[in-house]
Amino acid sequence: MTSFQEILSKKSLFKDPSVLSPHYVPSELPFREAQIKEIMEILSSALKNQKPRNLFIYGKTGTGKTCSVKHVMDKFNNYDSNSVMMYLNCRIYNSRYRVLQKIMKQFVPELDKSGFGLPFFYEKLVEELGKSKQLIVVLDEIDMVKDLDELVYTLTRANDEVKVGGITIIGISNKLSFKNELDPRSRSSLYEAELIFPPYTSVQLQHILLQRIGIGFENNCVEPSAINLAAAITAQECGDARYALKLILKAGEIAQQNGRQQVTDEHVELARKKVELDLAAETIALLPDNLKIVLYAIASITQNGSRYSRLDGLEEGFLFSGEVYEEYAKVSNILHKKPRSVRWYKEYLNDLEMLGLLTSTPSGKGVRGHTTLIKLGYPAADIVDLLKHSLHL
DNA sequence: CCTCCACAGGAAGCGCAGGAGT
DNA sequence: ACTCCTGCGCTTCCTGTGGAGG
């Protein structure tokens, strides 16, 4: 019989687990001094009231892009000047309209609601910059902006119109290919300066882990070889620092549940499987309902077996786009929601694929003509479980 | 060869929310 | 109070595509 006494008497391995969370911003960013310095140098001209060059930052997820920029932003905004630096994530502000609205909300608070036209925002912006202001706008995940060409054009035009102030864009993206999709004109204005954040190497990850473990864990609770293993796994997978931190956090939790005093290689290996799913769960939780339903439909067919793909001798786990839509419509009805049209469902599929939750391939040679084959990116049972709760099924 | 299937994805346009101007 | 405007999510309609099957 378990008692609270028993649980509480177990010595905790953690001093402060929040240090391991991805939201924790460390005061020191190891291996990013050079990048931070370069950003600061570019932005410094704003403090002399000259418009800095636009900056584009590229690097894979978890290479410290956002962290570094926010770090600089703190320093910038604490420096007494007529300039303002602001951060927005384009996953939320994903159109020219929304970005402009968000920017202007800083200066005119009642602009929260919709209904104002773009020209109105533009006028306000020019007016505001006219007060000899230097405005720095950080656009994180800039590739999410649907009409980026227009946005860049609008902003550069605003720059031309004012004599004194100016607006500078710092774009952040982890999509390399996106550069080629841009209109050449907006490309050249967006890429006035470019900065690349390389993935962390195994050795660098070891340092980062050591730094955080020192604050987050009790002393000597993590075996050095476990740290090395976590760093090596991460470097091989992606070089994403957040992944490494999550890995060591989960390993710690597993060790603790098993009543161990130390985190070992074995715990890191066990954590590895959990972390992948955990990261997926985070993205899934933020999904709009319809995307969740589509994903649920895919997972549930995968779990219960496909009526068609099996008899067509298809590789396990691949589904037809058509049968997924049928299932999606069915589940929608159960939830008393009107299913969206096929056309829009296809957009949903694209979104889900973009987020890495599924993969799809055109069927090519196969039975029943032409279709898209869909495969879930994670174990179906786990996804079903996850979504059953969040959809109240 | 033609036609049908099962899709992809562009174009137009609709309803809604929430302004502005009158 | 009314009309008109805008952005956005979405539907409707359409054309295109490559293999299957007659």
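Below, chain A is the first sequence line, B the second, and so on; all start at residue 1.
A salt bridge links A:Glu141 with A:Arg91: the distance from a Lys NZ or Arg NE/NH1/NH2 to an Asp or Glu carboxylate oxygen falls below 4.0 Å. Electrostatic pairing of A:Arg343 and A:Glu347 counts as a salt bridge here, judged by a charged N lying under 4.0 Å from a carboxylate O. Residues A:Asp278 and A:Lys246 are paired through a salt bridge, judged by an N-O separation under 4.0 Å between the basic side chain and the carboxylate.
Within 4.0 Å of A:Tyr345, counting heavy atoms only, lies no atom of the nucleic acid at all. Among the protein residues, A:Lys338 comes within range of no part of the nucleic acid, since none of its heavy atoms lies under 4.0 Å from any strand. Counting non-hydrogen atoms under 4.0 angstrom, A:Ser321 reaches the backbone sugars and phosphates but no base.
Side chain A:Arg343 to base C:dG9: no donor-acceptor pair is found below 3.5 Å.
Between the NZ atom of A:Lys146 and the OH atom of A:Tyr97 there is a distance of 13.5 Å, given to the nearest 0.5 Å. Residue A:Ser332 holds its OG atom at 6.0 Å from CG of A:Asn290, rounded to the nearest 0.5 Å. The CG atom of A:Leu135 sits 8.0 Å away from the CE atom of A:Met104 when rounded to the nearest 0.5 Å.
Phosphate contact (OP1/OP2 of C:dG9, side-chain N/O of A:Arg98, threshold under 4.0 Å): present. For B:dA8, one of the phosphate oxygens OP1 or OP2 lies less than 4.0 angstrom from a side-chain nitrogen or oxygen of A:Thr372. Within the structure, every side-chain polar atom (N or O) of A:Ser95 is placed at least 4.0 Å from both OP1 and OP2 of C:dG7. Phosphate contact (OP1/OP2 of B:dA6, side-chain N/O of A:Tyr325, threshold under 4.0 Å): absent.
To the nearest angstrom, C1' of C:dG7 lies 18 Å from CD1 of A:Ile92. Whole-Å rounding puts the A:Leu349 CG to B:dG9 P distance at 11 Å. Here C:dT15 presents its P atom at 15 Å from NZ of A:Lys346, a figure rounded to the nearest Å. Straight-line distance from the CH2 atom of A:Trp344 to the C1' atom of B:dG9: 12 Å, rounded to whole Å. One atom, CG of A:Leu100, and another, C1' of C:dT6, lie 14 Å apart when rounded to the nearest Å. For A:Tyr348 and B:dA8, the OH to P distance is 16 Å, given to the nearest whole Å. The nearest whole Å value for the distance from the CG atom in A:Asn94 to the P atom in C:dC8 is 8 Å. Rounding to whole angstrom units, CZ of residue A:Arg96 and P of C:dT6 are separated by 12 Å.
Side chains of A:Asn54 and A:Tyr191: a donor-acceptor N/O pair is absent below 3.5 angstrom, by distance only.
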Would you list the protein and nucleotides 15-17 of chain B atom pairs, both N or O, that sit under 3.5 Å from each other?
none

